[in-house]
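Here's the structure we're looking at; comments come further down.
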Amino acid sequence: MPEAHDAPGVQAAPDTPGALDALLDLLDLERIERDIFRGQSRSALVPRVFGGQVAAQALVAAGRTVPEDRLAHSLHAYFLRPGDPGAPIVYAVDRIRDGRSFTTRRVVAVQHGQPIFHLSASFQAYEDGLDHQADMPAAPDPELLPTAAEMLPRHLPEDVARRLVEARAAVDLRYVDTPPWGSVGEPREPRSQVWFRTNGKLADDPLLHVCLATYVSDMTLLDSVLLAHGRGGWAVGDVVGASLDHAMWFHRPFRADEWLLYDQESPSAAGGRGLGQARIWTRDGKLAISVIQEGVVRVPRP
């Protein structure tokens, strides 16, 4: 049987910039026991652990207990409690099933003796099968769009823009249209697009690329909810919210260090919750990932 995945991120290319190195170190979990891992956190814009971080780390933990020939094809997760960025997170992996084609893992993330996050992930040995996909939507060339460092200061106070750029420095993320905080008070179609890739080359480990895409997937998915109501979001403080649950399906191979189009929309918001759904495409038009997330989206009380 092939060996289980080694640590994603530890084989990053030598020319990887410092911000990406720091993110890869964050995903390089410490193995405490056979199926127990420990991860650290980084400061975020809000006083809790960034949801994409804990989801990516949990997938790292699951992947390290799976043979290399089994690739992640789906994950389903619930965010149970806000994570404390000042404390380590312990990830306990439950080996639910090792079948002939599929492997299933359950991961519980624990802080201060309480579960903060729950992940179920499924892995599959590669096989040929039926193949079709939807057409990729139109989008401008990412190279023609402004970088986050160029775009964010146009719409946000200097200190907020600087902190947001620093928090996302490992990722080159480019908005196709004006982000929510750039059109406050102007409701529009609940749809948004961003291009993204890591700011540096990555090793060829497929698990690493899946984990990086999982990390980025939590950055902008609920923006489409905000757009429908002319709200600027967490960056300007006219809504409060948090991720509730998150699901991803990985359809085809991709690289997180090459441009990916994140096409997002919101079909519904009600009851203090908003739903975002999205597809992620490679630059050459292959449907790589489908994503759905629901989050708390509340208007602050006076």
Side-chain angles (χ1 to χ4, degrees), residues 44-53 55 77-79 82 137 139-140 142 145-168 171-196 213-248 260-280 289-302:
L45 294 174
V46 292
R48 59 176 181 266
V49 176
F50 171 52
Q53 174 202 306
Y78 281 92
F79 297 89
L145 300 173
T147 66
E150 294 168 339
M151 184 270 294
L152 292 176
R154 303 175 189 171
H155 305 293
L156 293 171
E158 181 180 352
D159 62 328
V160 176
R162 175 182 51 79
R163 288 165 52 209
L164 191 54
V165 169
E166 290 176 352
R168 298 178 174 178
V171 180
D172 189 347
L173 191 150
R174 306 191 184 195
Y175 285 84
V176 170
D177 297 305
T178 305
W181 52 82
S183 57
V184 176
E186 302 174 8
R188 64 183 203 258
E189 182 183 6
R191 181 171 180 174
S192 65
Q193 291 180 324
V194 296
W195 285 97
F196 73 88
T214 300
Y215 178 85
V216 178
S217 70
D218 191 41
M219 287 183 176
T220 62
L221 185 50
L222 296 182
D223 282 1
S224 52
V225 177
L226 306 176
L227 292 173
H229 303 274
R231 295 281 169 171
W234 351 111
V236 298
D238 62 356
V239 297
V240 294
S243 302
L244 289 172
D245 57 5
H246 196 83
M248 302 180 73
L260 297 168
L261 177 65
Y262 200 4
D263 187 70
Q264 306 152 94
E265 63 178 342
S266 174
S268 176
R273 306 182 315 277
L275 184 69
Q277 60 187 27
R279 293 170 175 173
I280 298 178
I289 311 169
S290 295
V291 192
I292 296 180
Q293 181 183 91
E294 188 174 48
V296 172
V297 183
R298 296 187 178 121
V299 177
R301 297 177 179 177

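- Atom CZ in Arg231 sits 15.5 Å away from atom CG in Leu222 (nearest 0.5 Å).
- Between Pro187 and Leu227 the shortest side-chain heavy-atom distance does not fall below 4.5 Å.
- For Arg279, the CZ atom is loosely surrounded, since the number of other residues' heavy atoms within 6.0 Å does not exceed 12.
- Distance OG1/Thr178 to CZ/Arg154: 9.0 Å, rounded to 0.5 Å.
- At a threshold of 4.5 Å between non-hydrogen side-chain atoms, the residues Thr220 and Phe196 do not count as touching.
- Taken from CD in Gln277 to CG in Leu275, the straight-line distance is 6.0 Å, to the nearest 0.5 Å.
- Pro190 is not listed as a side-chain neighbour of Leu226, based on a closest heavy-atom distance of 4.5 Å or more.
- At least one side-chain heavy atom of Gln264 sits under 4.5 Å from a side-chain heavy atom of Ser192.
- Residues satisfying the side-chain hydrogen bond (donor to acceptor under 3.5 Å, both in side chains) criterion with Asp263, sequence neighbours excluded, are Arg191, Gln193.
- Distance check, rounded to the nearest 0.5 Å: CD of Glu265 to CG of Asp223 gives 14.0 Å.
- Side chains of Trp195 and Tyr175 form no contact here, defined as non-hydrogen atoms less than 4.5 Å apart.
- Side-chain contact between Val291 and Ile289: present, with at least one pair of heavy atoms (C-beta onward) separated by less than 4.5 Å.
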>> Using the rule given for side chain to side chain contact (heavy atoms under 4.5 Å, CB included), can you reason through Trp181 versus Leu164, listing the C-alpha separation, both sets of side-chain angles and the distance that settles it, and then say yes or no?
In response: CA-CA 12 Å; Trp181 52 82; Leu164 191 54; 3.9 Å; yes
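- Residues Ala148 and Pro153 come closest through the heavy atom pair O-CD, 3.9 Å.
- For the residue pair Phe50 and Met219, the shortest heavy atom distance occurs at CZ-CG, 3.7 Å.
- Distance alone, capped at 3.5 Å, is enough to place a donor-acceptor pair between the Asp238 side chain and the Gly232 backbone.
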> Can you check salt bridge (Lys or Arg N to Asp or Glu O under 4.0 Å) on Glu158 and Arg162, steps first, answer last?
Replying inline: CA-CA 6 Å; Glu158 181 180 352; Arg162 175 182 51 79; over 6 Å; no
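- Residues Val239 and Arg298 form no side-chain contact, since every pair of their non-hydrogen atoms from C-beta on lies 4.5 Å or further apart.
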> Stepwise, does the side chain to side chain contact (heavy atoms under 4.5 Å, CB included) test hold for Arg174 with Val194?
Replying inline: CA-CA 5 Å; Arg174 306 191 184 195; Val194 296; over 6 Å; no
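- In plain terms, the two heavy atoms of Ala278 and Tyr262 that are nearest each other are CB-CE1, 3.3 Å.
- Side-chain N/O atoms of Asp218 and Ser243 include a donor and acceptor closer than 3.5 Å.
- To the nearest 0.5 Å, atom CZ of residue Arg273 and atom CG of residue Leu244 are 8.0 Å apart.
- The two atoms that bring Ser266 and Ser224 nearest to each other are N-OG, 3.3 Å, heavy atoms only.
- Side-chain contact annotation: His246 with Ser217, donor-acceptor N/O pair under 3.5 Å present.
- Leu152 CG to Arg168 CZ: the interatomic distance, rounded to the nearest 0.5 Å, is 7.0 Å.
- For Ser183 and Arg188, the side-chain atoms include at least one donor-acceptor pair closer than 3.5 Å.
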